[in-house]
Every structure is written in structure tokens, then in C-alpha cells.
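Because the structure is a prediction, the values reported are computed rather than measured. FYI, side chains are in, hydrogens and waters are out, and symmetry mates aren't considered; it's all heavy atoms of this structure.
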Amino acid sequence: MLKTVRTMLIIILNIIFYGVVVFVGYHICHTGYVFAYDVLGDTMAELPPGQDKEFVVSPQDTDFQVAQHLEEQGLIKGRYTFYIRSKLEEREHASIQAGTFTLNSSMTYEEIISELSRGKITSS
């Protein structure tokens with residue numbers, strides 16, 4: 001009787017353990033996929049038509065500070081994913097320039113980086 005209870009308890013604990021492992025593994029993979037898609041995909045803060053907003057990049061702003069300000073203004077979905085995307089784009093000679101820009105909350109990361117890389121000052 002005691003061996004049967006012990007065997008059943010071991011089986012139940014194994015089922016629970018492997019269930020937790022599968023559950024955690026799924027969530028890690030899902031989070032990684034969403035993060036990678038936000039970095040490499042056509043990510044935008046809002047669906048079109050979005051809202052136009054004026055955005056200022058100071059000469060002393062770092063790329064991460066720019067990403068923080070973009071997130072605060074609701075122009076991007078996430079500062080970390082945008083920062084990584086901007087660093088990947090920077091390898092292709094598209095670094096963020098200082099200036100005043102008109103950006104839309106439905107622009108993709110690629111479009112925002114392209115606009116910020118031009119360094120043009122737009123008139124208000």
C-alpha cells in the first residue's frame with residue numbers, strides 16, 4: 001500500500017514538474033518571439049492613420065534617450081526594441097541626427113529611423 005502511494009506521488013510530482021517546465025518554456029519562447037518581432041518586424045505604436053507629433057532630437061541626446069522620448073510621446077511601442085533596431089540600422093550608415101521632426105504614431109520603426117537619420121529641420 002505504501003509503495004503504491006509513493007509511486008503515485010512520484011508520478012504526480014513528475015507530471016507537475018514537467019508541466020511547469022513546458023509552461024515556462026512556452027512563455028520564454030513566446031516572449032522571445034514577440035521581442036524579436038518588435039525589433040525586426042514592421043512594429044508601430046498605433047494603427048493608421050495615427051497622430052502627427054513634433055519630435056525634437058537634441059545634439060547631446062543618446063540613441064537610448066531618443067528611444068525613451070519616443071516611447072513617452074507614444075510614437076513607438078517599446079524603447080528597448082527601438083533602441084536595438086536603431087543600432088542595427090546604424091550599421092547600415094543610418095545614425096540618428098539632431099533636429100525637429102514631424103512623426104506619426106503609425107510609422108514603423110524603420111520609417112522613424114529613416115526620418116530621424118535625415119537630420120532635416122522641419123518648419124512648424
Requested in this report: Decide yes or no for E71 and K77: does some side-chain heavy atom of the first lie under 4.5 Å from some side-chain heavy atom of the second?
Outcome: no
**Report entry** Side-chain heavy atoms of E54 within contact of T100, under 4.5 Å
**Finding:** yes
Query raised in the report: Atom CD1 in I84, atom CG in D63: separation rounded to 0.5 Å?
Result: 12.5 Å
**Report entry** Worked verdict on Q97 versus S95 for side chain to side chain donor-acceptor pair (under 3.5 Å)
**Finding:** CA-CA 6 Å; Q97 303 295 315; S95 60; 3.2 Å; yes
Requested in this report: Establish, yes or no, whether a centroid distance under 6.0 Å links the rings of F101 and F55.
Outcome: no
Report task. Give a yes or no answer on whether the side chain of T81 reaches the backbone of G78 with a donor-acceptor pair at less than 3.5 Å. Result -> yes
Report task. Just say parallel, tilted or perpendicular for the rings of Y33 and Y37, cut-offs at 30° and 60°. Result -> parallel
Query raised in the report: What heavy-atom pair brings S105 and E46 nearest, and what distance separates the two atoms?
Result: OG-OE1, 2.9 Å
Query raised in the report: Could you walk me through whether R79 and E72 pass the side chain to side chain contact (heavy atoms under 4.5 Å, CB included) check?
Result: CA-CA 9 Å; R79 72 182 82 174; E72 289 166 2; 5.7 Å; no
Query raised in the report: Between CD of E111 and CG of L116, what distance do you get to the nearest 0.5 Å?
Result: 11.5 Å
Report summary line: In V56, V57, I112, the residue satisfying side-chain contact (heavy atoms from CB on, under 4.5 Å) with V66 is V57
Query raised in the report: Is there a donor-acceptor pair closer than 3.5 Å between any side-chain N or O of T43 and the backbone N or O of D38?
Result: yes
Query - N/O donor-acceptor pair under 3.5 Å between R85 side chain and G41 backbone - result: yes
Query raised in the report: Are F35 and L40 in one and the same hydrophobic cluster, where Ile, Leu, Val, Met, Phe, Trp and Tyr link if side-chain heavy atoms are under 4.5 Å apart?
Result: yes
**Report entry** From Y83 atom OH to Q68 atom CD, the distance as rounded to the nearest 0.5 Å
**Finding:** 11.0 Å
Query raised in the report: Between L103 and D52, is any pair of side-chain heavy atoms under 4.5 Å apart?
Result: no
Query - Donor-acceptor contact present, side-chain T7 to main-chain K3, <3.5 Å - result: yes
Report task. Report yes if the side chains of Q51 and N104 come closer than 4.5 Å at any heavy-atom pair, otherwise no. Result -> no
**Report entry** Distance, nearest 0.5 Å, that separates OG1 of T62 from CD of Q65
**Finding:** 3.5 Å
Query raised in the report: Are V39 and L88 side-chain neighbours, meaning at least one heavy-atom pair lies under 4.5 Å?
Result: yes
Report task. Would you mind reporting whether I11 and I15 have side-chain heavy atoms less than 4.5 Å apart? Result -> yes
Report task. Mind checking the CG-CG spacing from L75 to L70? Nearest 0.5 Å is all I need. Result -> 5.5 Å
Query raised in the report: Going by heavy atoms in the side chains, are M44 and Y109 under 4.5 Å from each other?
Result: no
Report summary line: CD1 of I113 to NZ of K87, rounded to nearest 0.5 Å, is 10.5 Å
Query raised in the report: Hey, are the side chains of L47 and S106 touching, using non-hydrogen atoms and a 4.5 Å cut-off?
Result: no
**Report entry** Flag if over 12 foreign heavy atoms under 6.0 Å of NE2, H27
**Finding:** yes
Report task. Answer yes if the ring centres of F64 and Y80 are under 6.0 angstrom apart, and no otherwise. Result -> yes
